[in-house]
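A quick write-up on the structure given underneath.
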Amino acid sequence: MTSVLIIGNARHENLSKWSELIEESDVIIACDGALDNCLENNLAVDIVIGDMDSVSKSALEYTKKNSVQVIEITEQNSNDLSKAIVYAENLQPESINIIGVDGGNSDHQLANYLTLIETKTHAKIYLDDCVVFCASSSSPVTYSIDLGTPFSVFSIGKSKTVCLAGGKWKLNGEDLEPSSQGLHNIAEEKEIRISCQTGNLLIFVAR
């Protein structure tokens, strides 16, 4: 099975801290200008995807000389991360992991989280302090976790019949509205299990 790693355009980030994820990946996709950062970190990529508005000319020249596939998508209804996830899903991978989206503008950060919901995938965003992923009616989540690890669950819009097991504070078919209610739960089992009948949930697990 294929493991896909998507690298976002957080410039000048030291990508070596994600060496384990990089080594486990079969396909590496750079989002637009992220290609420049990959080259600065001596990281070979297989595909660069986006509207190509932030990648440098020198990086594009690199793609021509090193057989890197360039996929230009100019439509502006979705961000480059969303475009990369949609492409990765077509590869039918076992996992989609995302790095290189720490920091940056706050609106871009929020858009990255919402992209997980928009694409309805089990993709995970790896940040310096946590891992972020989505649960929905079509995609319940079972996540392996160390005992005592903090995690948070937030409803994006209204979510009905939410079930949460494995944490100190459990849910058994409750409806959730967007609020701070799900902040800072604690894992009491080696797995947390989260589902909802309708709606979308964002889960943040401390690293």
Side-chain angles (χ1 to χ4, degrees), residues 1-128 131-136 138-139 141 156 200 202:
M1 297 292 286
T2 301
S3 176
V4 177
L5 180 67
I6 298 173
I7 303 176
N9 192 16
R11 296 306 307 276
H12 308 301
E13 181 178 10
N14 181 4
L15 297 177
S16 64
K17 63 186 177 184
W18 304 114
S19 58
E20 185 174 343
L21 286 174
I22 292 170
E23 291 170 3
E24 292 173 352
S25 301
D26 301 300
V27 178
I28 297 179
I29 301 174
C31 293
D32 206 332
L35 179 61
D36 287 272
N37 198 38
C38 291
L39 298 183
E40 291 168 9
N41 282 265
N42 297 313
L43 174 60
V45 305
D46 302 292
I47 300 162
V48 57
I49 190 168
D51 55 15
M52 303 302 148
D53 65 344
S54 58
V55 65
S56 69
K57 290 183 179 179
S58 60
L60 286 176
E61 284 298 316
Y62 171 89
T63 66
K64 297 175 183 177
K65 298 176 182 178
N66 292 273
S67 301
V68 177
Q69 185 178 2
V70 177
I71 301 173
E72 184 174 2
I73 304 175
T74 57
E75 61 89 5
Q76 297 298 313
N77 293 324
S78 59
N79 64 7
D80 288 334
L81 178 58
S82 178
K83 295 167 186 171
I85 293 175
V86 169
Y87 181 88
E89 287 178 321
N90 290 330
L91 302 176
Q92 298 183 327
E94 182 180 45
S95 64
I96 301 175
N97 298 316
I98 301 161
I99 61 173
V101 295
D102 262 307
N105 295 337
S106 297
D107 55 347
H108 286 209
Q109 193 73 53
L110 178 58
N112 290 335
Y113 302 150
L114 296 178
T115 291
L116 296 178
I117 292 173
E118 177 186 36
T119 52
K120 293 291 190 296
T121 180
H122 280 307
K124 297 181 181 67
I125 294 178
Y126 285 78
L127 304 173
D128 286 339
V131 181
V132 188
F133 49 94
C134 171
S136 68
S138 60
S139 299
V141 167
I156 306 301
N200 297 286
L202 280 178

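Everything quoted here is computed from the prediction, not taken from an experiment.
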Exercise. Kindly indicate, with the supporting measurements, whether the criterion side-chain contact (heavy atoms from CB on, under 4.5 Å) is fulfilled by N14 and N41.
Key: CA-CA 7 Å; N14 181 4; N41 282 265; 3.6 Å; yes
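- To the nearest 0.5 Å, atoms CD1 (I6) and OG1 (T115) are separated by 10.0 Å.
- Taking every heavy atom of both residues into account, H122 and V141 meet most closely at CE1-CG2, 4.0 Å.
- A 4.5 Å side-chain heavy-atom check between I96 and L91 finds every atom pair outside the cut-off.
- Q69 CD to Y87 OH: the interatomic distance, rounded to the nearest 0.5 Å, is 4.0 Å.
- The closest donor-acceptor contact from the side chain of N66 to the backbone of V68 lies at 3.5 Å or more, if one exists at all.
- Between the side chain of D102 and the backbone N or O of L127 there is no donor-acceptor pair closer than 3.5 Å.
- The CG atom of D26 sits 9.0 Å away from the CD atom of E94 when rounded to the nearest 0.5 Å.
- Contact of the N112 side chain with the I98 side chain is not registered, since no non-hydrogen atoms from C-beta on lie closer than 4.5 Å.
- The residue from I99, I22, D128 that alone fulfils the side chain to side chain contact (heavy atoms under 4.5 Å, CB included) condition with K17 is D128.
- For D80 (side chain) and C31 (main-chain N/O), no donor-acceptor pair under 3.5 Å exists by modelled atom type.
- Put simply, the side chain of D32 gets close to the backbone of V55: a donor and an acceptor are under 3.5 Å apart.
- Shown here for E89 and T119, the closest heavy-atom pair between the two residues is OE2-O, 3.1 Å.
- Of all heavy-atom pairs between K83 and S78, the closest is CE-O, 3.3 Å.
- No side-chain donor-acceptor contact under 3.5 Å links S82 to the backbone of N79.
- In this structure, CD1 in I117 is found 4.0 Å from CG in L202, a value given to the nearest 0.5 Å.
- From I49, atom CD1 reaches atom CG of L81 across 10.5 Å, with rounding to the nearest 0.5 Å.
- Of all heavy-atom pairs spanning L116 and A123, the tightest one is CD2-O, 3.7 Å.
- At a threshold of 4.5 Å between non-hydrogen side-chain atoms, the residues H108 and N9 do not count as touching.
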Quiz item: D36 and S56: side chain to side chain donor-acceptor pair (under 3.5 Å), yes or no, with the steps?
Solution: CA-CA 7 Å; D36 287 272; S56 69; 2.4 Å; yes
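- At a threshold of 4.5 Å between non-hydrogen side-chain atoms, the residues C38 and I7 count as touching.
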Exercise. Go through the steps for E118 and I85 under the test side-chain contact (heavy atoms from CB on, under 4.5 Å), then give the verdict.
Key: CA-CA 10 Å; E118 177 186 36; I85 293 175; over 6 Å; no
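- We find the CD1-CD1 distance between I29 and I47 to be 4.5 Å, quoted to the nearest 0.5 Å.
- A donor-acceptor distance shorter than 3.5 angstrom exists from the side chain of Q109 to the backbone of V101, with no hydrogens or angles considered.
- Residues Q92 and T2 form no side-chain contact, since every pair of their non-hydrogen atoms from C-beta on lies 4.5 Å or further apart.
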Exercise. Might you work through the side chain to side chain donor-acceptor pair (under 3.5 Å) test for S95 and S3, ending with a clear yes or no?
Key: CA-CA 5 Å; S95 64; S3 176; 3.0 Å; yes
